[in-house]
A.B. asks: 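One structure, as structure tokens, below. Some questions next.
Quick caveat, the model's predicted, so the values are computed rather than measured. Positions are given from 1 along the sequence. Below, all heavy atoms of this structure are taken into account, side chains as well, without hydrogens, waters or symmetry copies.
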Amino acid sequence: MSKITTINPATYEELETYDLMSEAEAFERVEASHQAFLEWRKLSHKERAPYLNKIADKLRENADELAALMTRETGKLLKDGHTEVEICAAIFEYTAKMGPEALADEERTHGENGKRGVVSYQPIGVIYSIQPWNFPIYQPVRVLAANLMAGNGCVLKHASICTGSGLRLRELCIEAGLPEDLFQVVLIDHDTSDKLIAHPKVRGVTMTGSDGAGRHIGAEASKALKKTVLELGSNDAYLVLEDADIETAVKFSVMGRLYNNGETCVSAKRFIVTDKVYDAFVDAFVAEMKKISMGDPTDDNNQLGPLSSKDQFDTVKDQVEESVSKGAKILCGGEAPDRTGAFYPATVLADLKPGMPAYDDEIFGPVASIIRAKDDEDAMRIANESRYGLGGGIFSKDEDRALKLARDHFDTGMIRINSFGAADPNMPFGGVKDSGYGREHGGFGMKEFVNTKAIFLP
């Protein structure tokens with residue numbers, strides 16, 4: 001493959017064709033980012049902050065264009081694209097505001113006599129960012145904002161299907177005044193990407209994607225002794241406890257399963273429902289999922305657009321069919337319409353058991369897995385049996401008890417109580433187990449790729 005062609009998944013219309021870079025060209029981008037980093041690192045955190053605020057302004061100025069571009073490339077609802085641009089602007093502003101304090105030198109003491117010590121968070125160089133297609137602007141931005149504030153350079157390898165979004169993001173950063181070479185975008189194949197990981201000027205690697213891809217990239221980086229942050233897949237469990245408010249649970253379960261066409265790592269995917277409220281929840285949930293309007297993602301009346309590509313459509317279809325062949329029951333959906341585009345309907349599966357994709361794996365599309373639990377304790381056990389541990393949720397009228405369950409027992413990085421949401425600039429984002437390691441947002445991402453330097457004074 002020497003070229004990338006982007007395709008609108010709603011129409012299968014070809015959008016743009018791009019030439020892949022050679023290994024030499026990709027290495028040139030890394031070298032250029034490193035040279036720009038040598039100057040950028042000289043700025044104080046407060047001096048970097050205005051650049052980030054100007055990028056936020058530039059994103060908002062171009063929100064309509066960016067949202068339309070993301071919809072064309074990935075099929076996301078146009079209104080979700082606008083939300084994504086605003087989240088990105090907020091991340092840049094949060095980082096500009098909080099970064100100088102979060103990364104400031106810390107005064108410590110050392111030795112028996114309490115001599116002066118200083119802990120300094122210093123930039124390390126070029127960070128290689130490998131990002132997926134489901135949030136074409138947000139995924140690169142959460143790495144870029146944190147590392148620009150820390151003083152690092154950044155080289156992005158975006159998913160091929162949203163190549164235009166990655167390139168446009170870089171253009172807008174330059175228009176906002178960011179030094180031209182500091183943030184680079186490379187259009188490369190997987191073999192060249194592995195060589196980039198090993199490049200001596202690349203000092204850290206961060207990747208969002210599947211756990212399989214994470215294993216490969218983590219292994220390549222570890223061979224070169226490069227630190228990684230990996231944000232990988234999940235099959236997030238939302239627990240409907242015996243005292244759950246069913247109306248609240250259904251409202252946020254539908255939202256949580258269908259947000260971004262169901263293509264979100266922290267989507268609500270497995271709904272673990274206690275016996276006591278099982279029938280009431282399932283009846284109401286299925287009724288709402290049946291009402292979902294699917295179609296043109298630019299039409300605000302539609303609640304569900306296409307999946308991001310024909311490949312993604314085939315993957316979801318195969319996972320549902322395999323689950324059904326092993327005994328899963330379709331409560332609604334499950335059959336793709338006879339129309340052009342990667343459209344897959346809102347689907348609910350029940351009677352699930354281990355060994356089915358809908359029980360064990362991540363379905364990256366609008367397919368909900370219903371799993372019956374005997375009681376609250378059983379629901380928590382089933383949730384934690386997963387090899388994944390990114391997010392999850394608890395529906396319960398007893399918030400204090402839900403908080404205790406979330407804090408002490410839920411084996412994931414993020415838990416929502418009686419609500420659903422994807423990301424917040426002020427809260428850490430990341431998971432455990434096969435969902436990866438490291439944290440972004442909440443100030444934590446700014447310290448992932450820095451040299452935490454201990455300075456001992458006499």
Side-chain angles (χ1 to χ4, degrees), residues 6 15-16 33 36 40 43 45 47-100 127 129 131-150 152-159 161-185 206 208 231 259-260 264 297-298 300 421-427 429 440-443 445-446:
T6 53
L15 300 173
E16 299 286 344
S33 181
W40 182 252
L43 301 182
H45 299 111
E47 288 170 331
R48 292 173 198 145
Y51 289 88
L52 274 62
N53 284 323
K54 285 174 185 170
I55 295 171
D57 292 342
K58 188 61 70 172
L59 291 177
R60 288 197 179 101
E61 286 169 23
N62 292 273
D64 290 347
E65 176 212 336
L66 287 170
L69 175 58
M70 289 190 283
T71 295
R72 284 197 305 276
E73 289 192 320
T74 68
K76 71 167 61 232
L77 298 179
L78 189 63
K79 57 191 172 188
D80 285 350
H82 279 98
T83 301
E84 182 171 339
V85 175
E86 180 53 38
I87 290 171
C88 291
I91 289 167
F92 275 112
E93 289 175 337
Y94 172 90
T95 309
K97 180 180 178 183
M98 305 301 292
I127 307 306
S129 173
Q131 298 302 327
W133 43 258
N134 57 332
F135 292 95
I137 302 295
Y138 162 75
Q139 292 288 171
V141 157
R142 69 185 191 188
V143 173
L144 181 63
N147 282 288
L148 290 179
M149 176 51 70
N152 294 321
C154 188
V155 173
L156 167 68
K157 179 195 181 297
H158 216 335
I161 71 173
C162 57
T163 296
S165 297
L167 293 170
R168 187 64 183 130
L169 173 62
R170 178 173 182 264
E171 288 175 358
L172 292 173
C173 287
I174 293 168
E175 286 178 27
L178 193 71
E180 187 167 345
D181 287 332
L182 191 62
F183 171 39
Q184 296 285 351
V185 176
T206 181
T208 299
E231 195 276 280
Y259 176 64
N260 203 48
T264 308
T298 65
D300 281 349
D424 185 285
N426 200 38
M427 294 289 281
F429 189 103
E440 295 168 309
H441 298 325
M446 288 184 268

A.B. asks: Output all residues satisfying salt bridge (charged side-chain N to carboxylate O under 4.0 Å, His left out) with Lys157, sequence neighbours left out; order by chain, then residue number.
C.D. replies: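 For Lys157, no residue satisfies salt bridge (charged side-chain N to carboxylate O under 4.0 Å, His left out) once neighbours in sequence are set aside.
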
A.B. asks: Is there a side-chain contact between Leu59 and Glu86, using heavy atoms and a 4.5 Å cut-off?
C.D. replies: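 A side-chain contact is absent here, since even the closest heavy-atom pair is not under 4.5 Å.
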
A.B. asks: Do the side chains of Leu144 and Cys173 get nearer than 4.5 Å, heavy atoms only?
C.D. replies: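 Side chain of Cys173 against side chain of Leu144, heavy atoms only: contact under 4.5 Å found.
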
A.B. asks: Please enumerate all residues that pass side-chain hydrogen bond (donor to acceptor under 3.5 Å, both in side chains) together with Ser129, with sequence neighbours excluded.
C.D. replies: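 Result, side-chain hydrogen bond (donor to acceptor under 3.5 Å, both in side chains) vs Ser129: Gln131.
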
A.B. asks: Would Met446 and His45 satisfy side chain to side chain contact (heavy atoms under 4.5 Å, CB included), going step by step from the backbone distance to the final call?
C.D. replies: CA-CA 11 Å; Met446 288 184 268; His45 299 111; over 6 Å; no

A.B. asks: Is there side-chain contact between Leu156 and Arg170, with heavy atoms separated by less than 4.5 Å?
C.D. replies: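 They are not in contact (no side-chain heavy atoms under 4.5 Å apart), so the answer is no.
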
A.B. asks: Let me confirm one number: the CG-CZ distance from Asp57 to Phe92, rounded to the nearest 0.5 Å.
C.D. replies: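 Asp57 atom CG to Phe92 atom CZ measures 11.5 Å (nearest 0.5 Å).
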
A.B. asks: Nearest 0.5 Å please: distance from the OG1 atom of Thr208 over to the CD atom of Glu440.
C.D. replies: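 Between atom OG1 of Thr208 and atom CD of Glu440 there are 5.5 Å.
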
A.B. asks: At their closest point, which heavy atom of His158 faces which heavy atom of Pro136, and how far apart are they?
C.D. replies: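 Looking at all heavy atoms of both residues, the shortest contact is NE2-O, 2.7 Å.
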
A.B. asks: Do Trp40 and Leu178 have side-chain heavy atoms sitting under 4.5 Å apart?
C.D. replies: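 Heavy-atom side-chain distance check passes, below 4.5 Å.
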
A.B. asks: Please name the residue in the list Ile55, Val143, Ile127, Thr95 that meets the side chain to side chain contact (heavy atoms under 4.5 Å, CB included) test with Leu148.
C.D. replies: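 Going through Ile55, Val143, Ile127, Thr95 one by one, the side chain to side chain contact (heavy atoms under 4.5 Å, CB included) with Leu148 is satisfied by Ile55 alone.
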
A.B. asks: Any salt bridge (charged side-chain N to carboxylate O under 4.0 Å, His left out) involving residues 67-78? Give me the pairs, sequence neighbours left out, ordered by first then second residue.
C.D. replies: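 Qualifying pairs, neighbours excluded: Lys76-Glu84.
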
A.B. asks: Suppose we screen for side-chain hydrogen bond (donor to acceptor under 3.5 Å, both in side chains). Which residues come up paired with Asn426, at least two apart in sequence or across chains?
C.D. replies: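 Tyr94.
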
A.B. asks: With Tyr138, which residues qualify under ring pair (Phe, Tyr, Trp, His ring centres under 6.0 Å), at least two apart?
C.D. replies: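 In terms of ring pair (Phe, Tyr, Trp, His ring centres under 6.0 Å), with neighbours along the sequence ignored, Tyr138 is linked to Phe135, His441.
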
A.B. asks: Please check if the number of heavy atoms outside Lys79 that lie under 6.0 Å from its NZ is greater than 12.
C.D. replies: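 Enclosed: over 12 neighbouring heavy atoms sit under 6.0 Å from NZ of Lys79.
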
A.B. asks: How far does CG of Leu69 sit from CG of Asp64, to the nearest 0.5 angstrom?
C.D. replies: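 The distance works out to 12.5 Å.
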
A.B. asks: Provide the closest heavy-atom pair for Thr298 versus Thr71 in the form atom of the first, atom of the second, distance.
C.D. replies: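 Taking every non-hydrogen atom into account, CG2-CG2, 3.9 Å.
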
A.B. asks: If we only count heavy atoms from C-beta on, is the Asp181 to Ser33 side-chain gap below 4.5 Å?
C.D. replies: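 Asp181 vs Ser33: side chains apart.
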
A.B. asks: Which residues satisfy the salt bridge (charged side-chain N to carboxylate O under 4.0 Å, His left out) test with Glu65, sequence neighbours excluded?
C.D. replies: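 For Glu65, the residues satisfying salt bridge (charged side-chain N to carboxylate O under 4.0 Å, His left out) (neighbours in sequence not counted) are Arg168.
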
A.B. asks: For the residue pair Ile91 and Pro425, establish whether any side-chain heavy-atom pair is separated by less than 4.5 Å.
C.D. replies: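 In contact.
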
A.B. asks: Find out whether Leu172 and Glu61 are in side-chain contact, i.e. whether some heavy atom of one side chain is under 4.5 Å from a heavy atom of the other.
C.D. replies: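 Of all side-chain heavy-atom pairs linking Glu61 with Leu172, none is under 4.5 Å.
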
A.B. asks: From Asn134 CG over to Asn260 CG, what is the distance, rounded to the nearest 0.5 angstrom?
C.D. replies: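 Those atoms lie 6.0 Å apart.
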
A.B. asks: Taking all heavy atoms of Ala90 and all of Arg60, pick out the closest pair and write down the distance.
C.D. replies: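 For Ala90 versus Arg60, the nearest heavy atoms are N-NH2, 4.1 Å.
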
A.B. asks: Heavy atoms only: give me the nearest Pro132-Cys162 pair and the separation to one decimal.
C.D. replies: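 Answer, listing the atom of Pro132 first, then Cys162: O-SG, 4.3 Å.
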
A.B. asks: Show the nearest heavy-atom pair for residues Ser165 and Met70, with the distance to one decimal.
C.D. replies: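 In terms of heavy atoms, the two residues are closest at OG-CG, 3.8 Å.
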
A.B. asks: Does some side-chain heavy atom of Asn53 sit less than 4.5 Å from a side-chain heavy atom of Glu93?
C.D. replies: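 In short, these two side chains touch, coming nearer than 4.5 Å.
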
A.B. asks: Please report the interatomic distance CD(Glu16) to OG1(Thr163), rounded to the nearest 0.5 Å.
C.D. replies: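 The CD atom of Glu16 sits 10.5 Å away from the OG1 atom of Thr163.
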
A.B. asks: For the atom pair CD1 (Ile87) and CG (Asp424), what is the distance rounded to the nearest 0.5 Å?
C.D. replies: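 Rounded to the nearest 0.5 Å, the CD1-CG separation comes out at 9.0 Å.
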
